[in-house]
Amino acid sequence: MTTIEGNLQDLNARIQRACAHVERVATQVGLLAVSKTFAPEAVAEAVAAGQRAFGENYIQEGVEKILALRDSHPGATLQWHCIGPVQSNKTRLVAAHFDWVQSVDRLKIAQRLSEQRPPDMPPLQVCLQVNVDGGPTKSGVAPADLLALAEAVALLPRLKLRGLMCIPEPAEGFEAQREVFLEAKALFDGLNARGLGLDTLSMGMSDDLDAAIAAGSTLVRVGRAIFGSRAART
Ligand SMILES: *Cc1c(COP(=O)(O)O)cnc(C)c1O
């Protein structure tokens, strides 16, 4: 067994335990393998171990990997999520190559993604990134502006609004972590009460995925615990 295969098994077992602990069904929680900075060969190992959903932060790097894996694995149905900041000048690349984008926090970016989504591709699946804990330096729409943004994005023809994503500041301990995630869950439930029909709540990383799952996460995002430590980005 390769290291990546073993790491994926450990992680899937951890997700199952976290679900069992709060009486959730493990199939409700997906694993996004965050492959940013790792080579296409590492992604290929994860694919061989059964992983299908991958997250990339840096758009150019992500596109190169998407194309490399399409060449090396023409039969595999992989799902690529953009989870990093999207500037206006990168929307065309995102719209043309990714299946999902989880980091939409402005209407202007959403409009460009909708306009630029190629007609022969399915709608781009979208999560809105929400700044749940009000961290001043972070991206994400403020909770007070979330409903208006969600209602506007839901109307865009080439996007499909699926849910919310958040990256809270690191908190110490399960209870403190869960509390922040519960705020995201409340926002998610609030949008669904308005009829938005969301099914994806992307939250939880290596250090806090148990708390995120306890609070209702449907998708945890993990990189280093699968692929190993990352070299500093140059
Ligand atoms: C990098 C990243 C992750 C995964 O982080 P690791 O420390 O590699 O597990 C998850 N979510 C987002 C948005 C990221 O940028």
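The analysis underlying the following values was restricted to heavy atoms, covering all of them including side chains, and did not include hydrogens, waters or symmetry mates. Every number for a ligand or one of its atoms is a count from 1 in the order of the listing.
Using a 3.5 Å distance cut-off with no hydrogens or angles, the side chains of T91 and Q116 do pair a donor with an acceptor.
Atom 13 (C) of ligand 1 has its closest protein heavy atom at I167 CD1, 3.5 Å. The nearest protein atom to atom 5 (O) of ligand 1, hydrogens excluded, is given as M205 CE, 3.7 Å; this is a heavy-atom distance. In this structure, the protein non-hydrogen atom closest to atom 14 (C) of ligand 1 is K36 NZ, 3.1 Å. Nearest protein heavy-atom contact of atom 8 (O) of ligand 1 is R230 NH1, 2.7 Å. The protein heavy-atom contact nearest to atom 9 (O) of ligand 1 is G223 N, 2.8 Å.
Aromatic ring centres of W80 and F54: separated by under 6.0 Å.
To the nearest 0.5 angstrom, C166 atom SG is 6.5 Å from L201 atom CG.
Near S206, meaning under 4.0 Å from any of its heavy atoms, are these atoms of ligand 1: 9 (O). Atoms of ligand 1 lying under 4.0 Å from at least one heavy atom of I83, given by number and element, are 11 (N), 12 (C), 13 (C), 14 (C).
Both the backbone and the side chain of R221 come within 4.0 Å of ligand 1, judged by heavy-atom distances.
At least one side-chain heavy atom of L191 sits less than 4.5 Å from a side-chain heavy atom of L164.
Looking at every heavy atom in both residues, H97 comes nearest to I66 through O-CD1, 3.7 Å.
A salt bridge links R178 with E175: the closest approach of a Lys/Arg side-chain nitrogen to an acidic carboxylate oxygen falls below 4.0 angstrom.
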